[in-house]
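Heads up: the structure comes next, in structure tokens.
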Amino acid sequence: MVSLNKSFLYGIGFASITWTISLYLYWQLNKTNSLGFSPTYSSIQDVSKSNLVFDAPPDKTVSRSGNYVNSPQLIKQLQSIRRSKLLNKHEKGLDELGMVKTVEDQRIRDEGFKLHAFNVLISNKLSLHRELPDTRNKLCKDIIYPTHLPVASVIICFYNEHFHTLLRTIHSIIDRTPKEFLAEIILVDDYSDLPNLGFNLTNFLNSNYELKQKVKLFKTQRREGLIRARMFGAQKANGKVLIFLDSHVEVNVDWIQPLLARVYNNRSNVAIPIIDIINADTFAYTPSPLVRGGFNWGLHFKWENLPTGTLSKPIDFINPIKSPTMAGGLFAIDRDYFMEIGQYDAGMDIWGGENLEISFRIWMCGGRLDIIPCSRVGHVFRRRRPYGDPDGKDTMLRNSLRVANVWMDAYKDYFIKERPDANNVNYGDVSERLQLRKRLKCYDFNWYIKNVYPELTLPTDSDVRLKNKWSALERDKFQPWHTRKRNYVDHYQIRLSNTSYCAQSTKDSKSKGSTLFLKPCMRSKNQIWYETDKGELVLQQLLCLQSGPTFPYLFKCHEMGGNQEWKHKGEDKTPIYNMAAGTCLGVDRIHLGTKLRMQLCTNPSLNMWDLVR
Ligand code: UDP
Ligand code: MN
């Protein structure tokens, strides 16, 4: 109720909750998905559809190094007639950006994955000012925010971030934040050692008047880790509100007002945007479902379905959603409040655990934490973190031990049971943090569980209790743009052009990991590929064809595009191109039993296929 009233204060034009809204809501609810999509922070999140606008790459057929490259014409043709109807105007460009055309492209791509764990080939070519799909609920557009919101300092720490991706982060903020709300962007270079990164960044910032005015670049004296680097940034900040962001994000339209309004409303409100997904393989931007933050007894953050009934009225889709924890990377907090409640635990190193620490502290010491659905910020979710602790320590474990010892009282034992290896880890001195807890007169962990996270399952829960807790949460994630059904739009054999060989799985078609080889074409089941409207190729309607670095193979369909998203012309003699790999299905010789590989899309006799219907 409280939130409802607040929304009215912001002046929502809700005089007409009419058919349109009810229908809209009904439509959304009916699209709920149960495919187990869960954007684990820092793990891969692929997607299938995107809206991207980009700078057109140069229209060349010969690269500077003289290599033959695919004509852009070829790429344009790589849309089957059937599928092209389903694609929007921006999406078609993604193939072109991702396509590996030369050996140099391949090198950039491979090196980029090693250093950054995402596709820098695409990031380099994408505009620094690319448009994003507006992923907000339509009702967000009707909200009128107070004009006198506090100004924010945006704080971005980075360690060895990919240059172009960092620039896009900065530009997205400049482009999509009303000037009056942005005091400054504070960049904290956490002692990066990538050659030229600092030099290039300084030059870039100096080259543009607006950037020069707004962006302040600092560098730490040594590698601090994201926790102390953020504290360092906060000391430099002048804005009334601090907004922490990662260095590989893109903020969406009107992202800042809902966060500022929430903090303005009460200085102990901490506000988190919905973290949309930027696919690490394709850079496609797609909305995240409405989920909240939780954790397990290993003290790993997890996304979790909302309590049953949270989204029952239209306004529930735009009101703040109470969250027991935050993912960590992105949030807004009043600067003085941040200082008052003890910033971060400066004894924590590099990465991990700090998100649960600040979440527990906010709730237990009198604040609150909510996800604000009308604020959307895209984040590149990578499969792995491309850096470690300089001393090779498991900082997540050490930091988590500090969390457990300061905040979790007797519940700490559950963590130790989950992580017996923690017993041998020296987690340093936490006496200052314990004093802080006392000084702030915080509630205990039992209070937190009872009042903030009653759905948290305990190792001691009986079966009945567990069942009750599970049923207290929605079974399905609320997914605005994804549909549950797999829609097949075509089926065919994949025959190497001018031969009588077809692509068939090496093991039986139910075996995950099975690669493909050339076999005489037969109308047998293990040669029949079903194409979906998401561009998947599903053998016998069971497993999806997925691109690997060298070979394509069968894998469980994940419904998130990227390495399971294929494009072709829909007619004979077509390349079959993979969106994530940037390469095509091919063979290195025409021979019975030859294994299919991922190859540059350039060899007409070895990667042209007929789709035999
Ligand atoms: N970061 C940093 N110093 C470090 C580790 C990380 O400044 O020692 C930065 C990193 O560049 C990123 C942010 O902290 O901007 C969060 O880290 P990351 O994105 O790796 O975390 P994830 O999103 O994978 O959880
Ligand atoms: Mn990140």
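We're numbering straight along the sequence, starting at 1. As the structure lists them, so they are numbered: ligands from 1, and atoms in each ligand from 1. Just so it is clear, the structure is predicted and the values come from calculations on it, not from any experiment.
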**OP:** Working to the nearest 0.5 Å, report the span between CE of M339 and CG of L242.
**Re:** 6.0 Å

Subject >> Considering all heavy atoms, the nearest N305-E474 contact >> reply: ND2-O, 2.8 Å

Original post:
Heavy-atom contact under 4.0 Å between R230 and ligand 1?
Top reply: no

Subject >> Contacting atoms of ligand 1, where contact means under 4.0 angstrom from a heavy atom of Y159 >> reply: 2 (C), 3 (N), 4 (C), 7 (O), 11 (O)

Subject >> Reported CG-to-OG1 distance for the pair N319 and T310, which is rounded to 0.5 angstrom >> reply: 11.5 Å

Subject >> Angular separation of NE2 (H248) and OD2 (D246) seen from the Mn ion (ligand 2), to 10° >> reply: 110°

**OP:** Work out which heavy atom in N279 is nearest to a heavy atom in M560; give both atom names and the distance.
**Re:** ND2-O, 4.1 Å

Original post:
Hey, which of F301, Y448, Y411 is the one that makes ring-ring contact (aromatic ring centres under 6.0 Å, His included) with F360?
Top reply: Y448

Original post:
Going by heavy atoms, is F381 under 4.0 Å from ligand 1?
Top reply: no

**OP:** Going by heavy-atom distance to atom 16 (C) of ligand 1, choose the closest among D246, L245, T220, V188.
**Re:** D246

Subject >> Numbered atoms and elements of ligand 1 in range of H248, under 4.0 angstrom, heavy atoms >> reply: 19 (O)

Original post:
Can D189 and R222 be counted as an ion pair, charged N to O under 4.0 angstrom?
Top reply: no

**OP:** Report the C-alpha separation of R437 and D409 in whole Å, then their side-chain angles, then the decisive distance to 0.1 Å, and conclude whether the salt bridge (charged side-chain N to carboxylate O under 4.0 Å, His left out) test is met.
**Re:** CA-CA 12 Å; R437 179 173 165 180; D409 309 321; 3.0 Å; yes

Subject >> Atoms in ligand 1 flagged as close to D190, the criterion being non-hydrogen separation under 4.0 Å >> reply: 2 (C), 3 (N), 4 (C), 7 (O), 8 (O)

**OP:** Say whether G329 and ligand 1 are in contact under the criterion: heavy-atom distance to a ligand atom below 4.0 Å.
**Re:** no

Subject >> Proximal atoms of ligand 1 relative to H379 (non-hydrogen, under 4.0 Å) >> reply: 23 (O)

Subject >> Taking every non-hydrogen atom, the tightest pair across A327 and I275 >> reply: CB-CD1, 4.0 Å

Subject >> Side chain, backbone, both or neither: the part of W351 lying under 4.0 Å from ligand 1 by heavy atom >> reply: side chain

**OP:** Could you tell me if any non-hydrogen atom of E224 lies under 4.0 Å from any atom of ligand 1?
**Re:** no

**OP:** Answer with side chain, backbone, both or neither: which part of R382 has a heavy atom less than 4.0 angstrom from an atom of ligand 1?
**Re:** side chain

**OP:** Report yes if some N/O of A229 lies less than 3.5 Å from some N/O of ligand 1; otherwise report no.
**Re:** no

Original post:
Can you list every ring pair (Phe, Tyr, Trp, His ring centres under 6.0 Å) pair that touches residues 172-224, not counting sequence neighbours?
Top reply: H171-F204

Subject >> Interfacing atoms of ligand 1 (cut-off 4.0 Å, heavy-atom, F158) >> reply: 7 (O), 11 (O)

